[in-house]
Student: 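Encoded as C-alpha cells, here's the structure I'll be asking about.
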Amino acid sequence: MKQEKDIKLIISQKLKDKLKECVNKARPNEACGFIFGTIEEIKKNGEFEYHYLAQKFYCMESSEKSTVSFLISDFERFNEVFMEASQQFKLQLISIFHSHPGGAYPSGVDHDNMKFLDRCGINAFKSQIWTIMDASNFELKGFIYLNNELLQIDILMVS
Ligand SMILES: [Zn+2]
C-alpha cells in the first residue's frame, strides 16, 4: 500500500494501552472508538508535515459491526463524546478506531466507509486517520483516505 509520509499519528504507550483495553472488552466482537487530539502543522525542509497528536480516547460500546454503522445508529452518543472533547478539552476528532480479529489492514467495507465519510459533507469526519488494531497481537496501523486514495501513515510511539 502507498505510504503518506507527510502525515504521522503520534500516540503514547498509555493511550495505546487504552486501545488494547477497549479491544479486550469487546472480544469476540470488533472494538470501536474515537481518538481526539490536536493536529500540528510542522514545516520541515520547506515542506509541511502534519502531526496528529493523540490525547484522549473514547471506547464506544457497540453492538454494531463497524464504526460507521455505529456512527449512524448512535449519532447521539457520538455527539456527547464529541461535545465533551471539543468544549471541555478543546480537542478535535483525529482518528476513528476499530479492531479486527486478525490483521490490521482496512477491509473492503472499511475502504467503502472511508470513502463515504470523506464525502458525507461533515467536516469533522474528513481527513480522519483510521486506526486499526489487530486483536491477536495488538499491532496498530494507521490509514487515511486522501484525494480519492487509500494511504498508510506512520504511527510514532512516544512514552
Ligand atoms: Zn475493519
Side-chain angles (χ1 to χ4, degrees), residues 1-39 50-82 85 91-157:
M1 189 177 302
K2 230 170 113 181
Q3 286 268 341
E4 170 58 66
K5 292 277 175 213
D6 299 334
I7 296 176
K8 294 184 186 351
L9 176 67
I10 298 165
I11 182 170
S12 67
Q13 190 57 52
K14 209 172 139 194
L15 200 126
K16 194 181 173 188
D17 289 343
K18 289 192 176 145
L19 304 180
K20 286 188 197 175
E21 240 172 68
C22 185
V23 167
N24 282 332
K25 223 170 78 185
R27 276 180 208 282
N29 296 320
E30 290 187 8
C32 81
F34 301 98
I35 301 173
F36 289 83
T38 52
I39 301 175
Y50 296 90
H51 288 184
Y52 286 55
L53 305 172
Q55 290 174 50
K56 199 165 173 53
F57 174 63
Y58 293 87
C59 179
M60 305 302 256
E61 268 182 59
S62 167
S63 53
E64 301 288 339
K65 275 245 173 285
S66 84
T67 39
V68 168
S69 40
F70 172 80
L71 273 176
I72 293 160
S73 68
D74 202 351
F75 196 74
E76 210 169 297
R77 173 71 187 124
F78 172 76
N79 212 38
E80 270 173 34
V81 158
F82 186 82
L91 300 173
Q92 67 186 103
L93 181 64
I94 64 166
S95 178
I96 294 169
F97 169 81
H98 74 289
S99 67
H100 286 172
Y105 285 98
S107 65
V109 173
D110 292 336
H111 195 167
D112 289 345
N113 285 332
M114 290 171 89
K115 246 189 243 184
F116 170 76
L117 285 190
D118 189 65
R119 290 168 189 172
C120 73
I122 300 174
N123 266 337
F125 297 150
K126 260 186 99 90
S127 311
Q128 289 302 316
I129 290 175
W130 280 55
T131 38
I132 303 176
M133 184 174 266
D134 181 337
S136 70
N137 60 10
F138 301 115
E139 192 186 355
L140 185 68
K141 290 191 194 303
F143 306 89
I144 195 162
Y145 190 80
L146 214 58
N147 304 319
N148 303 314
E149 210 175 3
L150 176 61
L151 304 161
Q152 190 169 0
I153 58 108
D154 281 333
I155 296 179
L156 302 181
M157 294 294 304

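Note that ligands are numbered from 1 as they come in the structure, with each ligand's atoms numbered from 1 the same way.
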Student: Would you call L140 and I11 a side-chain contact if the rule is heavy atoms closer than 4.5 Å?
Tutor: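 Side-chain contact under 4.5 Å: yes.
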Student: Give, for atom NZ of K18 and atom CZ of F97, the distance between the pair rounded to the nearest 0.5 Å.
Tutor: 13.5 Å
Student: Whether the side chain of Q128 engages the backbone of A124 through a donor-acceptor N/O pair (distance < 3.5 Å, no angle test) should be reported.
Tutor: yes
Student: Are there any protein N/O/S atoms under 2.8 Å from the Zn ion (ligand 1), and if so, which?
Tutor: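 Only H98 NE2, H100 NE2, D110 OD1, D110 OD2 fall inside 2.8 Å of the Zn ion (ligand 1).
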Student: Assign the ring pair F78 / F125 to parallel, tilted or perpendicular, where the plane angle (0 to 90°) is split at 30° and 60°.
Tutor: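 Tilted, since the angle between the ring planes falls between 30° and 60°.
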Student: Evaluate the side-chain proximity of Y105 to H100: yes if any heavy-atom separation is below 4.5 Å, no if none is.
Tutor: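 Side chain of H100 against side chain of Y105, heavy atoms only: no contact under 4.5 Å found.
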Student: Taking the side chain as C-beta and beyond, is there a heavy-atom pair between E61 and K25 under 4.5 Å?
Tutor: yes
